[in-house]
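Report on the structure given below.
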Amino acid sequence: MSIGFRRLIPATEDILSSVSRKSSSTLSASNSSHAIPTESPNTPSTIADPAQLDQTLILSDGRSLGFAEYGSPQGKPLLYFHGLPACRYEIDFQELGLRHGARIFALDRPGMGLSTFQPNRSLLDWPADVKEFTRQLGLDEYRVFGGSGGGPYSLVCAKALPKESLKGVGVLAGLAPLEAGTQGMSLRTRVLWNLGRWLSGLGRLYSDRVIVPATQHPDPAVLEALLAKTVKSHFNKTDSSIFDDEKILKHAAKVVRESFRQGSQGYVQECRILTKPWGFDLREIDFPGARLWCGDADRNTPVQMARWMANRIEGSVLTEWKGYSHFTFTDDHTEQVVRGMLET
């Protein structure tokens, strides 16, 4: 598989809508020295069974929770929370899971992918779904990490889930509470997040008129063209050039299409949740060793946000990748994150 199929295609939120406490440590990192081939051999051992990618379980309130499973069935359980808009397809963890002995679950959030919409939900509702998911699958111990808009969902688990089960918490290029400020964000990203916060009706109107018809069009090329046009119009040359790779563009379109499978309500609700107060203070998190990773050239979830969060989460560790943005993470970076999570 190409690099784009394993790397996080995180800030699709900006495509369409959009240290540590003094005792904590901040690390700087460039590309890992471990060389990973950008093409994976087409062997059954490195390709996930399609049946594993479209699973659901029924929660106690009758809702469905969609998920994909990657890696080794006997590996350490690791739960991944996707960005926005995105879904369980966001990263193909199959090869990494096999290589590092990880059983990786990617969960759809309510209203996206295969997960039932949950009216009036808040960020604080998520840990209950995670707790029930892990109980039904018989996971006595597990780790969680979230990418981009999924970062807050990882942190709320650190706040609410028991440490005897939750063994590791990670945030990859994660969004901070907007009280952290928007320093380092591009102007367009700041405008879009404020629209999501105060004028979510406009976001719903745009989504219903432009995004949803493209995602539900029978010809995938329609959505691919919309994504390509938006990227070229609004991203800098470095980030937009990533999507010149046809495989990456097609994968991004697949992710967004599945995210809007049920229409726009899940996406619009998510924007509202992430731009309102989260319902808890990061200083309340009692989980030493939480890990954060961010590129210092990120203009979607800028490194200033990561530093702000790390300063408030006691005992956290922040790794800054010099020269990398929200879109330019490599296979090496993804492997570093997975390996780091399994070490917690």
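Residues take their numbers from the sequence shown, with the count starting at 1. For the numbers below, each heavy atom of this structure counts, side chains included, while hydrogens, waters and symmetry mates do not.
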Query raised in the report: Could you go step by step and tell me if Phe287 and Leu155 meet the side-chain contact (heavy atoms from CB on, under 4.5 Å) rule?
Result: CA-CA 10 Å; Phe287 196 97; Leu155 293 177; over 6 Å; no

**Report entry** Working for side-chain contact (heavy atoms from CB on, under 4.5 Å), residues Trp321 and Asp296
**Finding:** CA-CA 6 Å; Trp321 290 321; Asp296 67 359; over 6 Å; no

Query raised in the report: Which is it for Arg121 and Asp129 under the salt bridge (Lys or Arg N to Asp or Glu O under 4.0 Å) test, yes or no, and what are the steps along the way?
Result: CA-CA 11 Å; Arg121 76 178 174 95; Asp129 285 0; over 6 Å; no

Report task. Apply salt bridge (Lys or Arg N to Asp or Glu O under 4.0 Å) to Asp245 and Lys247, showing your working. Result -> CA-CA 6 Å; Asp245 185 322; Lys247 289 182 179 179; over 6 Å; no

Query raised in the report: Could you go step by step and tell me if Lys250 and Glu224 meet the side-chain contact (heavy atoms from CB on, under 4.5 Å) rule?
Result: CA-CA 6 Å; Lys250 287 182 178 298; Glu224 292 166 16; 3.4 Å; yes

Query raised in the report: Should Glu335 and Arg99 be marked as a salt bridge (Lys or Arg N to Asp or Glu O under 4.0 Å) after you check the CA-CA gap, both sets of side-chain angles, and the distance that decides it?
Result: CA-CA 10 Å; Glu335 176 152 28; Arg99 187 157 65 244; 3.2 Å; yes

Report task. Applying side-chain contact (heavy atoms from CB on, under 4.5 Å), run through Leu178 and Met305 and close with a yes or a no. Result -> CA-CA 9 Å; Leu178 288 194; Met305 283 189 168; 4.2 Å; yes

Query raised in the report: So Asp286 and Lys159, salt bridge (Lys or Arg N to Asp or Glu O under 4.0 Å) or not? Walk me through it.
Result: CA-CA 7 Å; Asp286 179 21; Lys159 165 72 172 78; over 6 Å; no

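Side-chain contact annotation: Glu132 with Ser60, donor-acceptor N/O pair under 3.5 Å present. Side chains of Ser325 and Asp298: a donor-acceptor N/O pair is absent below 3.5 angstrom, by distance only. Side-chain contact annotation: Ser233 with Thr230, donor-acceptor N/O pair under 3.5 Å absent.
A cation-pi arrangement is absent between Arg109 and Phe81, since the terminal nitrogen or guanidinium carbon is not both under 6.0 Å from the aromatic centre and inside a 45° cone about the axis. The side-chain tip of Lys254 points at the ring of Tyr89 from less than 6.0 angstrom away and within 45° of straight on.
Looking at Ser165, its side chain never comes within 3.5 Å of a backbone N or O of Pro162 through a donor-acceptor pair. One N or O on the side chain of Ser72 and one on the backbone of Gln74 form a donor-acceptor pair closer than 3.5 Å.
A salt bridge links Arg283 with Asp281; the closest basic N to acidic carboxylate O contact falls under 4.0 Å. A salt bridge does not link Glu141 to Lys76: none of the charged side-chain nitrogens sits closer than 4.0 Å to a carboxylate oxygen.
Within the structure, no pair that satisfies the ring-ring contact (aromatic ring centres under 6.0 Å, His included) test touches residues 166-186, not counting sequence neighbours.
Ring-plane geometry between Tyr80 and Phe145 is classed as tilted, the angle between the planes lying from 30 to 60 degrees on a 0 to 90 degree scale. Using the six-membered ring where Trp is involved, Phe235 and Phe327 have ring planes that are tilted, between 30° and 60° apart.
Hydrophobic clustering places Val169 together with Tyr142 (ILVMFWY residues linked when any side-chain heavy atoms are closer than 4.5 Å, directly or through intermediates).
Of the candidates His82, Arg261, Gln269, Met112 forms a side-chain contact (heavy atoms from CB on, under 4.5 Å) with just one, namely His82.
For Tyr70 and Phe105, the gap between ring centers reaches or exceeds 6.0 Å.
Side-chain contact between Trp126 and Leu107 is present, with heavy atoms from C-beta onward closer than 4.5 Å.
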